[in-house]
There are 2 protein chains.
Amino acid sequence: MATTLNERKEEILRAVVVNYIKTAEPVGSRTVARAYPVGLSSATIRNEMADLEEMGYLVQPHTSAGRVPTQLGYRYYVDNLLEEDQMIMDDGFDISNSLSAEKMREIEQIITYSTRVLSQATNQTSLIMGPQFKKSAFHQIRILPLDDKRGLVVLITDTGFIKNKVINLQQQLSQTELHQVVSYLNQKLYGLTIDQVTTSLINELKRDLFRRLEILEQAFILLEESLKEEKQIRVFLGGTTNILNQPEFRDVDKIRRMLNLFEQEPLLFKILEDNSIEDDIVVKIGSENEFEDIKECTLITGTYRIHDKTLGTVGVLGPTRMDYGRVISVMRYLVNHLNKSLSSS
Amino acid sequence: MATTLNERKEEILRAVVVNYIKTAEPVGSRTVARAYPVGLSSATIRNEMADLEEMGYLVQPHTSAGRVPTQLGYRYYVDNLLEEDQMIMDDGFDISNSLSAEKMREIEQIITYSTRVLSQATNQTSLIMGPQFKKSAFHQIRILPLDDKRGLVVLITDTGFIKNKVINLQQQLSQTELHQVVSYLNQKLYGLTIDQVTTSLINELKRDLFRRLEILEQAFILLEESLKEEKQIRVFLGGTTNILNQPEFRDVDKIRRMLNLFEQEPLLFKILEDNSIEDDIVVKIGSENEFEDIKECTLITGTYRIHDKTLGTVGVLGPTRMDYGRVISVMRYLVNHLNKSLSSS
DNA sequence: TTTAGCACTCTAAGTATAAGAGTGCTAAAG
DNA sequence: CTTTAGCACTCTTATACTTAGAGTGCTAAA
């Protein structure tokens, strides 16, 4: 791990990684010789590559084939050899442009759009964990009577969430009664995060209010239910079909496993959440990932925040052979953009 | 088209179709002979099959292979030979059970859940067009002031839709002013479908109100915008990975084309909308479909409604080799269920 | 330390062969 | 006239074999 390679080995490792990322074919010594600026014969490079193989940075698929980077090889590349792409891409996809063009308003819209941009810019599958509702704080709660039997509960958080739910009211409420209840709730809940609203707190409120009004049983059950339900978080996916373009997913069986994974939101959530603790951008290569299903993939994540509070996580998932430079720089840009556009709304 | 087959040919055609649906392998005369109850030799059946081939109901992939149903063959099967499955399935998936188990409240939830059930019960991809917002009628509109700069517009339709949107108010509004505006809007809009709210009507309202209040410019722009935007309809997908289990999608290229299609919501919408005119359940086999991309598929659709108003369309999409009996009966059941559970909410 | 040369290994592609499934046709039987 | 047995024929699929090519490792010379 702590080993450092001499400059020539680094140069060769880089050449192999870059080439393999581009072509998905094992890289031979001759190919590296051509790519390597100083005239160095293929034989010399062969020797160096043999060394790199022994050290665990490269492997051969079979005895007489070129070399392919190992997980360790990619790791070294990412940690020591990587220069990030510049943002205006040569192949024409200009992320800064496509992000600023659309003026977006609602959080959900911003997220959906971001997954699309992210997957298009990276040619990988992108996943974004929506803002964590449960970590948001109450801003206010409102109850709108719809007709004599029904009301609309509206919940607004400091991070701009608006949740609503129709509830059935068993008995009719007068305007004043409703007003009383609502302002009491607002007073008690203001500033608390959704996380902090436990069942016991709700029960306490319920008892408190019962003394004054005996009508709201229904409303409370529904409030409680609504909170429970909203604790789960949506994961937004983009460009899932991009994996079909990767030669490592030539196999229908692998495709199936991958797409199945994509349909399991709770699992995706766990995968992303795992990384959301850390700051900045995290690159997890192959088995560095905890989860069995993506042991052959690389997951690159970043977190976006509002007023220094972590809101959610952005991820790109693809084969370990991935254009690290590009993905990282795109993600860096996107996270910045999200930070800005979410805090301004 | 108007041709009718004699009973023996029908029996044989059915045997071929049923067998091919089950095995995905061309069906030979010997296989049919075994399946055919009366002792009839394979040679006889061979002759009959040759006839059926000439009439266009069967084809051979190559000279010395069994037969496969043509589009016409499937059509005849669906129109004349089909007995629907009973609902409690032998393979253990009990749709009536899984539908009644969950008590669902919100429309979106019901739909999402239905796609899952439908795809699981049929092993195909299911698609459901959400209730058509634009065909719903205004029930009421509300404006909730959030703080001094922002308000929340809430729109409720007769079909149970609740849409909301935060708007920025340029100037502060007093409670009474707001109340006036809202009740005016409700009075004017009540009972109109979203479709009927044209830009010109909005302009008229705007002019009307301007005479009394000069503050609401912002609110109106946003109302307008919000309407425009909501005219697009979501299509919900389920079990997209099921196509990977079909041998006809062994080819990665076909998979890609299919999955790409699934990512294009407007196209899916068109595909479904095309069928929503008709009543009951519609089976479109192969090139009976208008759309190039699904010329090799069968699409089975049904419509669900509330108070005799068509709300949306349910579809199952898969290869022409599809268990028609099962899909149709599942769909019939689901549509009934949707009709009931949507009208009761 | 680098490089040229060469034997060696392994894959991928192409060819040949054989087995098997299913047909169509003919002629006999019902 | 219909049904059936028999048989030659066709086409696909699987298996084995061969070959070309890419790339290596090693040795010995520069």
Side-chain angles (χ1 to χ4, degrees), chain A residues 5-13 15-20 22-70 73 247-248 250-252, chain B residues 5-13 15-20 22-70 73 247-248 250-252:
Chain A
L5 302 173
N6 65 43
E7 196 177 339
R8 197 164 77 184
K9 283 204 173 57
E10 284 198 339
E11 222 46 63
I12 290 173
L13 177 58
V16 173
V17 172
V18 168
N19 217 283
Y20 186 65
K22 202 154 57 191
T23 64
E25 300 280 312
V27 184
S29 53
R30 246 189 75 79
T31 316
V32 176
R34 263 199 310 268
Y36 194 58
V38 181
L40 213 52
S41 83
S42 64
T44 313
I45 300 201
R46 255 198 310 280
N47 289 330
E48 294 284 30
M49 281 167 86
D51 288 354
L52 284 169
E53 173 155 17
E54 206 179 1
M55 296 187 220
Y57 295 105
L58 299 176
V59 269
Q60 298 180 279
H62 52 269
T63 352
S64 71
R67 257 82 173 194
V68 165
T70 61
E248 23 273 282
R250 226 176 294 122
D251 180 16
V252 179
Chain B
L5 301 174
N6 66 43
E7 198 179 336
R8 197 165 76 184
K9 283 204 173 55
E10 284 198 340
E11 221 46 63
I12 290 172
L13 177 58
V16 173
V17 172
V18 168
N19 217 285
Y20 185 65
K22 203 155 55 188
T23 65
E25 299 281 311
V27 184
S29 53
R30 246 189 77 78
T31 316
V32 175
R34 263 199 311 268
Y36 195 55
V38 182
L40 213 55
S41 82
S42 64
T44 313
I45 301 200
R46 248 193 321 275
N47 287 331
E48 295 284 31
M49 282 167 85
D51 288 356
L52 284 169
E53 174 156 14
E54 206 178 359
M55 296 187 222
Y57 294 106
L58 299 177
V59 268
Q60 298 180 280
H62 52 268
T63 350
S64 71
R67 257 83 173 192
V68 165
T70 61
E248 23 273 284
R250 226 177 294 122
D251 179 16
V252 180

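Keep in mind the model is a prediction, meaning the values are calculated, not measured. Just so we're on the same page: letters track the sequence lines, and every chain starts at 1.
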Look at B:Arg8 and D:dT3 and indicate whether a side-chain polar atom (N or O) is within less than 4.0 Å of OP1 or OP2. yes
N/O (side chain, B:Thr44) to phosphate O (OP1/OP2, D:dT4) under 4.0 Å: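 For B:Thr44, the contact criterion (side-chain N or O under 4.0 Å from OP1 or OP2 of D:dT4) is met.
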Base partner of [N], which must satisfy Watson-Crick or wobble distances under 3.5 Å:
N: D:dT10; answer: C:dA21
N: C:dA12; answer: D:dT19
N: D:dA30; answer: C:dT1

Heavy-atom pair of closest approach, residues B:Leu5 and B:Lys9: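 Reported closest heavy-atom pair: CB-CB, 4.0 Å.
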Residue pair A:Pro69 / A:Leu58: nearest heavy atoms and the distance that separates them: CA-CD2, 3.8 Å
Taking only residues two or more places apart in sequence or in another chain, which ones pass side-chain contact (heavy atoms from CB on, under 4.5 Å) with A:Ala35? none
Once you round it to whole Å, what is the distance between [atom2] of [N] and [atom1] of [X]?
X: A:Leu58; N: D:dT24; atom1: CG; atom2: C1'; answer: 14 Å
X: B:Asp51; N: C:dT23; atom1: CG; atom2: P; answer: 14 Å
X: A:Ile12; N: C:dT2; atom1: CD1; atom2: P; answer: 10 Å
X: B:His62; N: C:dT23; atom1: NE2; atom2: C1'; answer: 10 Å
X: A:Arg30; N: D:dG25; atom1: CZ; atom2: P; answer: 17 Å
X: B:Asn19; N: C:dA21; atom1: CG; atom2: C1'; answer: 15 Å
X: B:Glu48; N: D:dT3; atom1: CD; atom2: P; answer: 7 Å
X: B:Asn47; N: C:dT26; atom1: CG; atom2: C1'; answer: 12 Å

Between A:Thr70 and A:Gly56 (side chain of the first, backbone of the second, donor and acceptor by atom type, cut-off under 3.5 Å), is there such a pair?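 Yes, A:Thr70 side chain to A:Gly56 backbone: donor-acceptor pair under 3.5 Å.
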B:Arg46 side chain, from C-beta outward: closest of D:dT12, D:dG6, C:dT11: D:dG6
Looking only at the side chain of B:Leu40 (C-beta and beyond, no hydrogens), which of the listed nucleotides D:dT4, C:dC10, C:dG24 gets closest?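 From the listed options, D:dT4 comes nearest.
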Look at the side chain of [X] against the base of [N] and say whether a donor-acceptor pair falls under 3.5 Å; ignore hydrogens and angles.
X: B:Arg67; N: C:dG24; answer: no
X: B:Thr63; N: D:dT10; answer: no
X: A:Ser64; N: C:dT9; answer: yes

Using a heavy-atom cut-off of 4.0 Å across all strands, would you classify B:Ser29 as base, sugar-phosphate, or nothing? sugar-phosphate
Counting any heavy atom closer than 4.0 Å, what does B:Ala43 reach on the DNA or RNA strands: base, sugar-phosphate only, or nothing?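 Base, at least one base heavy atom under 4.0 Å.
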Would you say A:Arg8 and A:Thr44 make side-chain contact, with heavy atoms under 4.5 Å?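 With C-beta onward as the side chain, the pair touches.
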